[in-house]
Amino acid sequence: MLHPVLPPPQALIELAVLMALIAVADWALLGLDIAALEPSPYWLPVLLLSLQYGTIAGLLAAAAATVAHVLNGFPEQSIGENLFPYLLRIWALPMLWIGVALLLGQFRLRQIEVKRTLRRDLEQRTTEAQTLAGYAKDLEDRCRRLERHVSSGQSIAVNSGRMPASLAALDALLPLTRSASDLSAGLDGIATTVMPGAALSVFAVTPAGCGLVVASGWPETAPWTSELQASHPLYRALAGERRSVSILNRGDEAVLSNEGLAACPIFAPDSGRVIGILKLEAADPAYLTRATPEHLATIARLVAPALGEPRIVVDNSVRAVRPDAPPPSRLTRGWRQVPWRDAGLSAPVAIGTPVQHEDPDERSPRPKRLS
């Protein structure tokens with residue numbers, strides 16, 4: 001903080017009053033020579049202003065005392081006195097006044113700076129304490145409202161009916177436990193009931209990266225990518241380091257790279273390997289807390305069985321070139337693409353349709369590997 005160049009107005013007023021009092025005393029006491037007194041009465045404004053206001057006010061008082069000292073007249077040079085001792089005698093007091101003003105003024109300025117620093121710290125601590133007190137009061141009010149809400153057994157509206165919040169959340173999570181075809185309905189239920197307005201997505205992990213399987217709440221012009229390369233920081237953190245990330249954690253914002261607010265890996269129930277990624281792209285700030293990755297991990301455990309089930313995916317690219325060629329297919333395990341040639345399938349299988357086998361004896365022959 002910069003110090004002002006000029007002293008405060010009260011310092012100038014005090015200097016004028018003291019110099020006027022000395023002049024009045026000199027005029028009233030006609031038989032007394034003020035300039036010849038020891039110590040000089042002009043020490044009073046120099047000491048008072050230096051000790052109270054600092055160096056600048058002390059130097060102004062020293063200048064005023066020097067002017068008064070010169071106006072009162074210099075003593076005569078004695079016989080046999082050299083010029084240098086004479087000048088030293090008549091200018092000794094002004095030089096002492098300036099030196100004392102500089103010395104005492106610097107000490108006072110240092111005290112003033114410490115005082116200002118302490119005042120700023122006190123104001124900052126007071127503001128922080130008031131802010132924390134307001135936050136604590138708001139938090140206490142919210143806790144009381146939550147206690148009244150829980151104790152009164154209030155319910156929330158779901159599908160134009162009313163049911164307890166726990167039952168609504170359970171009803172929204174049930175489609176996730178059924179099959180991969182119900183993933184979209186399950187995510188929509190979560191975005192409607194558990195986390196209203198949220199945008200969720202499920203990605204399938206492959207060695208080369210991961211691709212979007214199903215998304216809920218994405219706008220038509222969604223800014224989030226549907227494919228993540230293996231070099232992407234988010235892929236390395238979830239599939240490589242096998243950890244959850246959140247924008248509230250230090251360092252995870254760079255990992256997410258504007259691809260969402262939080263994400264967690266989806267582990268296979270049988271082997272524990274990472275088969276997918278559950279990502280939260282958008283949500284109301286009220287639902288974004290430190291516990292959000294744990295909530296996503298709970299949803300990911302429900303998604304894992306449906307995401308890891310075996311599936312047959314038909315590739316019609318060969319038929320587009322050779323219409324008489326047999327329909328090739330790809331058998332995927334946990335959405336990891338492995339090429340197979342169809343052998344014995346009576347009809348093409350739709351994309352995303354799970355393989356159903358009622359009797360082991362009625363199973364089709366094992367597909368042969370594509371050469």
Side-chain angles (χ1 to χ4, degrees), residues 169 172-191 194-195 198-218 222-247 249 252 255-283 291-313 330-339 350-355:
L173 295 176
L174 278 178
L176 298 177
T177 63
R178 296 170 184 167
S179 63
S181 59
D182 293 330
L183 283 180
S184 179
L187 293 181
D188 291 340
I190 294 173
V194 183
M195 301 174 66
L200 295 165
S201 61
V202 175
F203 285 75
V205 170
T206 63
C210 56
L212 180 65
V213 176
V214 62
S216 174
W218 281 28
W224 311 295
T225 181
S226 58
E227 292 184 1
L228 295 176
Q229 301 296 328
S231 59
H232 196 279
L234 184 59
Y235 180 90
R236 293 199 301 266
L238 273 68
E241 302 176 13
R242 303 164 63 90
R243 65 180 181 90
S244 300
V245 294
S246 173
I247 198 173
N249 298 332
D252 287 351
V255 174
L256 288 166
S257 302
N258 297 326
E259 289 296 333
L261 303 178
C264 71
I266 302 175
F267 299 100
D270 51 353
S271 61
R273 58 184 175 86
V274 179
I275 60 174
I277 292 174
L278 177 63
K279 187 155 59 77
L280 175 65
E281 284 81 11
T292 300
E294 299 178 3
H295 300 162
L296 293 179
T298 302
I299 300 174
R301 285 193 292 270
L302 300 176
V303 173
L307 189 63
E309 67 181 5
R311 308 180 62 78
I312 292 291
V313 181
R330 291 179 295 170
L331 178 62
T332 68
R333 173 68 176 175
W335 299 86
R336 295 178 179 270
Q337 305 297 326
V338 180
I351 296 178
T353 305
V355 179

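These figures come from a predicted structure and were not determined experimentally.
For the residue pair A283 and L261, the shortest heavy atom distance occurs at N-CD1, 3.7 Å. The minimum heavy-atom distance linking F203 with E227 is given by the pair CE2-N, 4.2 Å. P265 and A300 make their closest contact through O-CB, 3.9 Å (heavy atoms, listed as atom of the first residue, atom of the second, distance). Across all non-hydrogen atoms, the minimal contact from A304 to I275 is O-CD1, 3.8 Å. Shown here for V202 and L212, the closest heavy-atom pair between the two residues is O-CD1, 3.6 Å. Contact record, Y235 with P207: OH-O, 3.8 Å, taken as the closest heavy-atom pair.
The side chain to side chain contact (heavy atoms under 4.5 Å, CB included) search around H295 returns A291, not counting sequence neighbours. Residues satisfying the side chain to side chain contact (heavy atoms under 4.5 Å, CB included) criterion with S257, sequence neighbours excluded, are H232, P233. Remark: A222 pairs with W218, P219, W224 by the side chain to side chain contact (heavy atoms under 4.5 Å, CB included) rule, at least two apart or across chains. With sequence neighbours excluded, the residues that form a side chain to side chain contact (heavy atoms under 4.5 Å, CB included) with T292 are A262, L280, L288, T289, L296.
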Report all side-chain donor-acceptor pairs from residues 237-246 shorter than 3.5 Å, counting only partners two or more places apart or in another chain.
| residue | atom | partner | partner atom | Å |
| --- | --- | --- | --- | --- |
| E241 | OE1 | R243 | NE | 2.6 |
| R242 | NH1 | G272 | O | 3.4 |
| R242 | NH2 | G272 | O | 2.7 |
| R243 | NH1 | D252 | OD1 | 3.2 |
| S246 | OG | L248 | N | 3.3 |

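With hydrogens and angles ignored, the 3.5 Å screen pairs a side-chain donor or acceptor of K279 with a backbone N or O of E259.
Within 6.0 Å of the CG atom in N258, the count of heavy atoms belonging to other residues, nucleotides or ligands does not exceed 12.
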